Amino acid sequence: MDMIWIILILSAIGLVSGILIFIVNRALPKESESLKKAQKVEACLPGYNCGACGYPGCFAYAQAVAKDKSLITKNPCTTVIQNEKMRSELEEVLDIKIDASAMNKKAVVRCYGVTTPLGDYNGINTCKAANNLLGGFKRCPYGCLGLGDCAKVCPQDAIEVDKARNVAVIDPDKCTGCGLCVNECPKNIISLVPADATIVYRCSYEPVKNIPGRERCDEGCIHCRKCFKSCEYDAIIWNNEKNIPEFDFSKCTLCGECVEACPHNRLIKFSELSHKEQQKLEKEKVNS
Amino acid sequence: MENKIDNCENCDNCVGKQNFGKEFWKEFVKGIILCNPVFVLALGLCPTLAVTGTIDNALGMGAGVIFVLLGSNIIISLMRNIIPDLVRIPVFIVVIATFVTILSLLFEAYIPLLYESLGIYLSLVVVNCIILGRAEVFASKNGMFLSIADALGIGLGFTIALIMISLFREILGTGALSIFGFQLFNIPGLSSNPLGFFVSPPGAFLVIGVLLAVFRWIGVLDNE
Amino acid sequence: MANFKNTKVYPIIILTIVVLVSVTVLIFLNTLTSPVVEAQKRKEINNQLQNIYSGMTDSELEDEIYYILKEDETIGYAFIAKGNGYGGEITIMVGLDKNLEVKDVSIMSHSETPGLGSRVTEESFTDDFKGLKIENIALNKNGGEIDAISGATISSEAVVSAVREEMKKKIKSIK
Amino acid sequence: MNNLISIFILMAIVNNIVLAKFLGLCPFFGVSKKLSNALSMGLAVTLVMLIASISTTVIYNYLLVPFQVEFMRIVLYILVIASLVQMVELAIKRTNVALYNSLGIYLPLITTNCAVLGVALINSTENYTILQSTVSALGGGVGFSLVLIIMSGIREKLELSEAPESMEGLPIAFITAAMLALAFLGFRGMI
């Protein structure tokens, strides 16, 4: 009965391929010990491969951390640090304690975005391309171009371009301070600030040949120094050549006097910066 | 369809928890619209473009895929906890290949015309990304009952997509529509000088591209 | 049973068993369906021969040549030629009469572009082959008797060269 | 000898396995977003296609044809390809993790890649000898990589273009593929 023969020979192929896989699986070195540990560490990493930690992807960062534990504090993955669950898992795997308070940073766009465009721009749809074209199409050379380069790079999708004011807005709840948007923005107007104790000066205009901000933006800073005068704890230092306020957060008590004093809404408490409050604030200003 | 049951990312790993009746229906509907293998997951494109020249081929291929998907989902979901992880993919593939060979033997014997016109694409159903995809993602994690629902849903979704594409291609390409030799209608102007482009390979790409765009524009699918 | 599952050799056994089962099922099914397929093919060849040789009663197949019988006297020979057309393979049934002239030719299957290449199946093209000796089976642009279909030179060339090549081989082996 | 060259050109350009025969479309649309991915995917597919074609032709000529069990070719071919990919994946994963990171996600994709099995099936329907099927596999691999590289080049430009909202992503990729297929249609009938 040659049928039996055929069945045997063909299933012999199955046997051979099974044995080949088995040999390849046994012959090669078992997954090295450090590789297993790296995989355990990688399990609690976010897996965005955003590269903010400087490593090509989470797996490479996990291997580095598996080798030497102190890396997690020296060059932290900010997403992990700020996410309660991930941090506790990582602490368990590496059995070290990570104090998150010192590293809680958030990104902020230092531009109010009211500056009017000089014309409509039909070039390539990225901020970098627009910026190479004589510094962009906005009246204020420091103004946010609103084409969303930062939004594209943000692994948390925390950045959104506010169509009304044509400026990028960062939602502090989602932002984990990885800093990718900071070096993505061609105008360098996004900066990392400590999340809790800050007042944000939402304009990065530096007067050129002392033309006041006002020329470049309807609600630009008119350098009236009211914020400087209104602060009793002298937490604000006036920078004379740049003619803009600078903050010393050790003295600042977040009383909010300067926020009220500024006629053009340039100053805002960071805590009120979250997207929803901001919209609420705008509405109050409009109908007040 | 304003409240999407769940967008597609998590619809692949939704393990059936609630009672079976509703769950069966949810899996079934999910396969047809939400996770339509062709338009949403962009899987199984090889046969979709190759065989949708005529509607007979599309129906034949659709029926074949449903048969193979059903059979392999059932067997794999039954065997799922006795298969070691080392040989997981080879075993799944052999099971699927067995069902495909059964299909091609039956087609060759009883529907030779369809077997001839499908050609190698009938045996290429075994590497159809949908079937192994469903086996890996779904059948190896859920019970037989749910796998049947999933197989029917996805299979039907695939067949509907094939029919839609082949409708366009056959009507535009030959000016007439005939199902199993029985001509339904023929457009006099078009059938005298048909647009041969739509039967050729580039036409297939164009039709599915435009269909995808129209679906996204209507809002059935969300844009990328 | 449990510890058997995680022995080293378990994956191999599972794979072999699965392949064994699948092979048996398929071979069993093949023995069921192959006679049906055989009959199908035979029937298809027969009615091809029927419309070439009207008066034939039976045909015998001997090393890929069909000997056409009319009351046990061979009235012709037939064979299948395969050519590479524009869209893919073309299979042609070629019928010769007793003194090795072409009695008729019919296209069995092709995937040429509809409306252009597919016109090789029409009478106007296949009738040109009738009564031709092996020498003058060629397109008239290279010295033959067959005029190519306008707009489908590749398909017509494919059919003609397939018939000529196959005929050369078969004439030698006709007893 | 010209037969080998014509087989190579037939598989690589004239009947390009992606644009004319629609094989290997799932990875074709999935992987062609970045040029670097396309290169490594093309290489991996050509490698597996070569080894798979040689082993499947050996099985076909020396096992299936003598026993008249050609119908078994689907099961055996795909078994060989799946085990091959499994071995290649294990080998790369264990020896060189960096290569595995960049290439790893494509390897399981190759098992379900219609092009690899498609070429093997074409070899057996044309019943090529071992030398012919190696050349045909090489042609297929080169054709696949060629089209993949062209497509990824175009798609990188597409990302920046302002396609209409509903066209972005896959639909525009399909229409670009239609243009590409139309261009490759010009080669038809060359051989």
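This structure is a prediction, so every number in the text was calculated from the model and none was measured. Heavy atoms only: backbone and side chains are in, while hydrogens, waters and symmetry mates are out.
- With rounding to the nearest 0.5 Å, the separation of CD1 in Ile75(B) from OG in Ser22(C) is 11.5 Å.
- Per-residue heavy-atom pair counts under 4.5 Å with chain C were compared for Asp85(B), Ile83(B), Val94(B), and the maximum is reached by Val94(B).
- Remark: Met108(C) CE to Glu116(B) CD distance equals 9.0 Å, nearest 0.5 Å.
- Residue Pro11(C) comes nearest to Pro84(B) through the heavy atom pair CA-CG, 3.6 Å, listed as atom of the first residue, atom of the second, then distance.
- Remark: Glu64(C) CD is loosely packed, at most 12 non-hydrogen atoms of other residues, nucleotides or ligands lying under 6.0 Å away.
- Minimum heavy-atom separation, Pro90(B) to Leu15(C): CB-CD1, 4.0 Å.
- Most heavy-atom pairs under 4.5 Å with chain C, from the set Leu106(B), Val87(B), Val95(B): that is Val87(B).
- With rounding to the nearest 0.5 Å, the separation of OG1 in Thr31(C) from CG in Leu105(B) is 10.0 Å.
- Side-chain contact check for Ile82(B) versus Tyr10(C): some heavy-atom pair is nearer than 4.5 Å.
- Rounding to the nearest 0.5 Å places CD of Gln40(C) at 9.5 Å from OH of Tyr110(B).
- How far CG of Asn30(C) is from CD1 of Ile102(B): 12.0 Å, rounded to the nearest 0.5 Å.
- Note: Leu26(C) leads Ile14(C), Leu26(C), Val36(C), Val19(C) in heavy-atom pairs under 4.5 Å with chain B.
- Here the shortest heavy-atom pairing between Met79(B) and Val18(C) reads CE-CG2, 4.3 Å.
- With respect to chain C, the highest number of heavy-atom pairs below 4.5 Å among Pro112(B), Ala97(B), Ser117(B), Ser200(B) belongs to Pro112(B).
- Around atom CZ of Phe197(B), more than 12 heavy atoms belonging to other residues, nucleotides or ligands sit under 6.0 Å away.
- Chosen from Leu29(C), Ile12(C), Leu32(C), the residue pairing most often with chain B at heavy-atom distances under 4.5 Å is Leu29(C).
- Within 6.0 Å of CG on Leu113(B) lie no more than 12 heavy atoms contributed by other residues, nucleotides or ligands.
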